[in-house]
Amino acid sequence: MSSVTSEQAAFMLHTLGIPALKAEHPMTSAVIAAIPPGRAEYRPHPDSRSAFDLAWHIVSAELKYLDAIASGVFPHDLKPTPADVREPSDILAWYTERFGPAVRRLEMTTGDELLRMVDFYGLRTFPAIVLLQLILNHTIHHRGQLSTYLRPMGAKVPSLYGPSYDAGGFKGGASRRE
């Protein structure tokens with residue numbers, strides 16, 4: 001990654017990264033919004049995170065990484081859940097309120113700033129722009145986990161990259177199960 005220029009880093013951010021973040025945001029929001037009221041403590045296994053904890057992990061990590069890309073400093077601590085965030089709808093409101101400003105700050109980050117080296121939990125050091133792909137992968141991975149919780153909780157899985165069965169599926173999809 002050391003051979004990436006400032007211009008290339010800026011191109012990666014503005015042409016690939018920010019559009020991908022903006023495309024994934026409504027899907028992440030839809031999965032969190034689908035968590036049924038009163039079911040946020042559901043977990044498929046005792047070792048699994050609850051739906052609430054997984055939703056919080058997704059959004060707090062995403063915003064932490066976006067801030068780290070813009071600031072060039074990766075905080076190693078985990079954000080505790082704020083006292084006023086008690087329901088999935090609170091998580092969604094918290095995320096919605098902060099996502100736009102985080103993306104706008106990222107949009108103002110220069111190519112040189114994207115090349116600042118960040119310490120990733122003491123495991124690796126790399127340019128801040130690398131965090132962009134890491135957070136996209138992280139969000140998509142955990143959102144997929146959370147989406148598998150929905151049906152066992154009695155919820156419908158929203159359409160993400162294409163129609164879901166619960167949203168009518170592809171043409172004729174719902175009738176095949178009858």
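In what follows, residues are counted from 1 in the order of the sequence shown.
Minimum interatomic distance between P101 and E97 (heavy atoms only, all atoms of both residues): CD-O, 3.4 Å. Between A102 and L66, the closest heavy-atom pair is CB-CD1, 4.1 Å.
We find that K64 and D77 are not joined by a salt bridge, their nearest charged nitrogen and carboxylate oxygen being 4.0 Å or further apart. Ion pairing between a basic and an acidic side chain is recognised when a charged N comes within 4.0 Å of a carboxylate O; K22 and E107 show such pairing.
H25 and F99 have parallel rings, their planes meeting at less than 30° on a 0 to 90° scale where 60° marks the start of perpendicular. Using bins of under 30°, 30° to 60° and over 60° for the plane-to-plane angle, the ring pair F74/F120 lands in the tilted bin.
In this structure, Q145 CD and S48 OG are separated by 7.5 Å, a value rounded to the nearest 0.5 Å. Separating the OG1 atom in T28 from the CG atom in L92 is a distance of 10.0 Å, to the nearest 0.5 Å. Atom OG of S6 sits about 9.0 Å away from atom CD of E113, to the nearest 0.5 Å. Here L21 contributes atom CG and I135 contributes atom CD1; the two are 8.5 Å apart, rounded to the nearest 0.5 Å. Atom CG of residue L114 and atom CG of residue L106 lie 7.0 Å apart, to the nearest 0.5 angstrom.
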Run the side chain to side chain contact (heavy atoms under 4.5 Å, CB included) test on E62 and Y95 for me, step by step, so that the C-alpha distance in whole Å, both residues' side-chain angles and the decisive distance to 0.1 Å come before the verdict.
CA-CA 9 Å; E62 185 172 301; Y95 181 49; 2.7 Å; yes

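Of the candidates S50, P36, P152, P152 is the only one forming a side chain to side chain contact (heavy atoms under 4.5 Å, CB included) with Y42.
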